[in-house]
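Not measured: the values here are computed from a predicted model.
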Amino acid sequence: MKVEIKYFGMLAEITGCSTERFTVVDLKMAGLKKELLKKYPDFANTDFRMAQNKELVTDTTLLTGKEIAVLPPFAGG
């Protein structure tokens with residue numbers, strides 16, 4: 001399955017791009033995260049969250065082919 005991934009903040013700096021198309025075999029978010037860590041080893045030293053279709057997701061969330069966002073840490077209140 002092909003997904004479009006958008007990177008924000010320091011994560012875009014690490015990847016050198018703000019958007020890329022990615023082919024995944026494992027259809028769970030954990031599989032995508034594993035592939036991202038393989039391609040971008042610096043992600044291992046960075047706290048980040050992932051969202052699908054503008055909703056934060058967990059590692060067990062199934063990929064739907066919707067837009068994926070990789071988000072840096074953020075604070076709110």
Side-chain angles (χ1 to χ4, degrees):
M1 171 186 294
K2 289 190 182 226
V3 294
E4 181 175 336
I5 302 175
K6 292 188 176 188
Y7 302 101
F8 294 89
M10 66 183 168
L11 301 167
E13 291 175 24
I14 291 171
T15 63
C17 62
S18 59
T19 304
E20 75 176 321
R21 303 269 304 153
F22 213 85
T23 301
V24 292
V25 177
D26 184 335
L27 297 181
K28 288 189 180 173
M29 200 59 68
L32 174 58
K33 189 183 262 187
K34 183 178 176 181
E35 291 298 317
L36 289 175
L37 288 168
K38 193 183 305 181
K39 184 172 182 178
Y40 303 111
D42 288 341
F43 276 19
N45 303 320
T46 307
D47 186 28
F48 64 91
R49 299 283 313 261
M50 297 178 76
Q52 179 171 243
N53 202 27
K54 300 182 181 176
E55 290 186 30
L56 292 175
V57 295
T58 66
D59 285 350
T60 60
T61 302
L62 292 176
L63 293 169
T64 63
K66 303 283 184 183
E67 174 186 282
I68 305 294
V70 182
L71 308 165
F74 54 89

For this session: Could you pull out all residues at least two apart from E35 that satisfy salt bridge (Lys or Arg N to Asp or Glu O under 4.0 Å)?
Result: K38
Problem set entry | Minimum heavy-atom distance between F8 and A69, given as atom pair plus value | CE1-CB, 3.8 Å
Problem set entry | Qualifying side chain to side chain donor-acceptor pair (under 3.5 Å) pairs with a residue from residues 42-51, counting only residues at least two apart or across chains | none
For this session: Scan for ring pair (Phe, Tyr, Trp, His ring centres under 6.0 Å) pairs involving residues 48-72, sequence neighbours excluded, and state none if there are none.
Result: F43-F48
For this session: Rounded to the nearest 0.5 Å, what's the gap from CE on M50 to CG on L63? Could you check?
Result: 7.5 Å
Solution key, residues 19-34 side-chain donor-acceptor pairs under 3.5 Å, sequence neighbours excluded:
{"residue": "E20", "atom": "OE1", "partner": "K39", "partner atom": "NZ", "Å": "2.8"}
{"residue": "E20", "atom": "OE1", "partner": "Y40", "partner atom": "OH", "Å": "3.4"}
{"residue": "E20", "atom": "OE2", "partner": "Y7", "partner atom": "OH", "Å": "2.5"}
{"residue": "E20", "atom": "OE2", "partner": "Y40", "partner atom": "OH", "Å": "2.9"}
{"residue": "D26", "atom": "OD1", "partner": "K28", "partner atom": "N", "Å": "2.9"}
{"residue": "K33", "atom": "NZ", "partner": "D59", "partner atom": "OD1", "Å": "3.1"}

For this session: Heavy atoms only: give me the nearest A12-S18 pair and the separation to one decimal.
Result: CB-CA, 4.4 Å
For this session: State plainly whether one hydrophobic cluster holds both L56 and V3, where clusters connect Ile, Leu, Val, Met, Phe, Trp and Tyr through side-chain heavy atoms under 4.5 angstrom apart.
Result: no
For this session: Check for a donor-acceptor pair, side chain of Q52 on one end and backbone N or O of T64 on the other, with a separation under 3.5 Å.
Result: yes
Exercise. What's the spacing between L36 CG and T15 OG1 if we round to 0.5 Å?
Worked result: 9.5 Å
Seminar exercise, completed: NZ of K54 to CD1 of I68, rounded to nearest 0.5 Å, is 13.0 Å
